[in-house]
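As structure tokens, the structure follows; a few thoughts come after it.
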Amino acid sequence: MYERWLQRKQTIRLMTNGSDDNKTGFDVNVWDNETWYSIPYYDERHPRLSPEEQEEYNSQLELDDAPSAEVDNFGTDDEKIECLIVATKAPLTVKALAPVSHRLTPDSTILFLQNGMGVIDEVNEKIFPDASLRPHYLQGIISHGVKMKKPFHIEYTGLGTTIIGKLPSSTTADVKRTYAESLETGWAPSSKYLARTLTLTPPLVAVAKPPISLLQSQLEKLAMNCVINPLTAILDVKNGELLYNYHMTRTMRMLLAEISTVICALPELDGVPGVKERFSTERLKTLVVKLANATAANTSSMLQDVHALKTTEIEYINGYIVRRGDELGIRCALNYMMVQLVLGRTHISKLREAGAMPLSPLEAEEMEGEEGL
Ligand SMILES: CC(C)(CO)C(=O)C(=O)O
């Protein structure tokens, strides 16, 4: 990853309407050999270029040959982290957080910017089992359209919004009470600082919402992802191809009926006005059709993952509905089937990539473990 960062001249390129905006000047922390190294953009021991010279250098160089990626001649860094934004795919969250967990304190804030739900329970169980040592959690829901062209080269494809809110630090035991409590307790200074910085950054179009509003926005997004993502991944189609098709409409409605039943029965939404209407099958279907229309030309993130032979977020999308349904005694056979079909689809893609030969269980296990962050 650090090698790629050097290859890309320590520059993040954001393409909007066909023209690139190059951002430089980032100091980075690199995890190597179980150690964090702090690498400043301008290394005083080996002065490189002035900001102007660096710009010039960036614009002229071909992005292929990189300087050495040796990091162990830089200083190590175990400083505490005040604010951390996690933007990895949901299944990689625990792997991403494990090496920084010792640098996070109960005063730190982690903002999770990811698709799907249920990550926090896993982070609590595997990274912060002691509730008194947990950092504060924020969650963000982003509807801006972006596409990665190359590593560190992103295309901005559609204007959206960012919703940020506080998450209860525990969601398993008595969820209703934890949501009520998180509304009463104020924002920690690090959470306030992070939320303020993001909401004061105009291109993000970011707003902060109270926990119960954030939860409802998360569930709306989840319901839409539960339909568009697995169907596009299984059928290998663009989002818009799910529309104007009677058979797809029937499938969507049946899936959404199950999702609506689970969401309306969630204890954390008990007593919240308007839940039955907001999460009715009919309204969710309207939202799905609207989103599929607005993103008609997109390849969903799940289909992109299937094509790239990466682990999909299915366990945090339809898998979340199945788990919450189980807790409530609601059997979600259709969502369970979606989970299995997507897992099966990924497996088939991996087999094809491996040369269409059936793998032995040992080889298959090795392939599963190959995916990095
Ligand atoms: C909105 C949608 C379905 C856009 O493709 C998305 O969120 C995703 O692909 O994960």
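Order of listing sets the numbers, starting from 1, for every ligand and every atom in it.
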Just by distance, do the side chain of Asn245 and the backbone of His247 share a donor-acceptor pair under 3.5 Å? yes
Closest approach of any protein heavy atom to atom 3 (C) of ligand 1, naming residue and atom: Asn229 OD1, 3.4 Å
Charged N to carboxylate O below 4.0 Å: is that the case for Glu258 and Arg331? no
Specify whether Phe112 and Tyr137 have parallel, tilted or perpendicular ring planes, treating 30° as the upper limit for parallel and 60° as the lower limit for perpendicular. perpendicular
Taking only heavy atoms of Ile228 into account, list the atoms of ligand 1 that are under 4.0 Å away from them. 3 (C)
Enumerated ligand 1 atoms positioned under 4.0 Å from heavy atoms of Asn115: 10 (O)
Ligand 1 to Asn239 polar contact by distance, N or O atoms, under 3.5 Å: yes
For Lys221, take its heavy atoms, then give the atoms of ligand 1 lying under 4.0 Å from any of them. 7 (O)
Spatial distance of atom CG (Asn115) from atom NZ (Lys89) [nearest 0.5 Å]: 7.0 Å
Closest non-hydrogen protein atom to atom 9 (O) of ligand 1, residue and atom name please, with distance? Ser301 N, 2.8 Å
Return the residue, atom name and 0.1 Å-rounded distance of the protein heavy atom closest to atom 1 (C) of ligand 1. Leu291 CD2, 3.5 Å
Please check whether Ser300 reaches ligand 1 - meaning an N/O of the residue sits under 3.5 Å from an N/O of the ligand, judged on distance alone. no
Within the structure, does Thr299 bring an N/O atom to less than 3.5 angstrom of an N/O atom in ligand 1? no
Do Arg324 and Glu327 meet the salt-bridge criterion of a basic N to acidic O distance under 4.0 Å? yes
Determine whether a donor-acceptor pair (N or O, by modelled atom type, separation under 3.5 Å) exists between the side chain of Glu313 and the backbone of Met302. no
Taking only non-hydrogen atoms of Asn225 and a 4.0 Å limit, the atoms of ligand 1 in range are 3 (C), 6 (C), 7 (O), 8 (C), 10 (O)
Note: Leu269 and Val275 closest approach over all heavy atoms is O-CG2, 4.0 Å
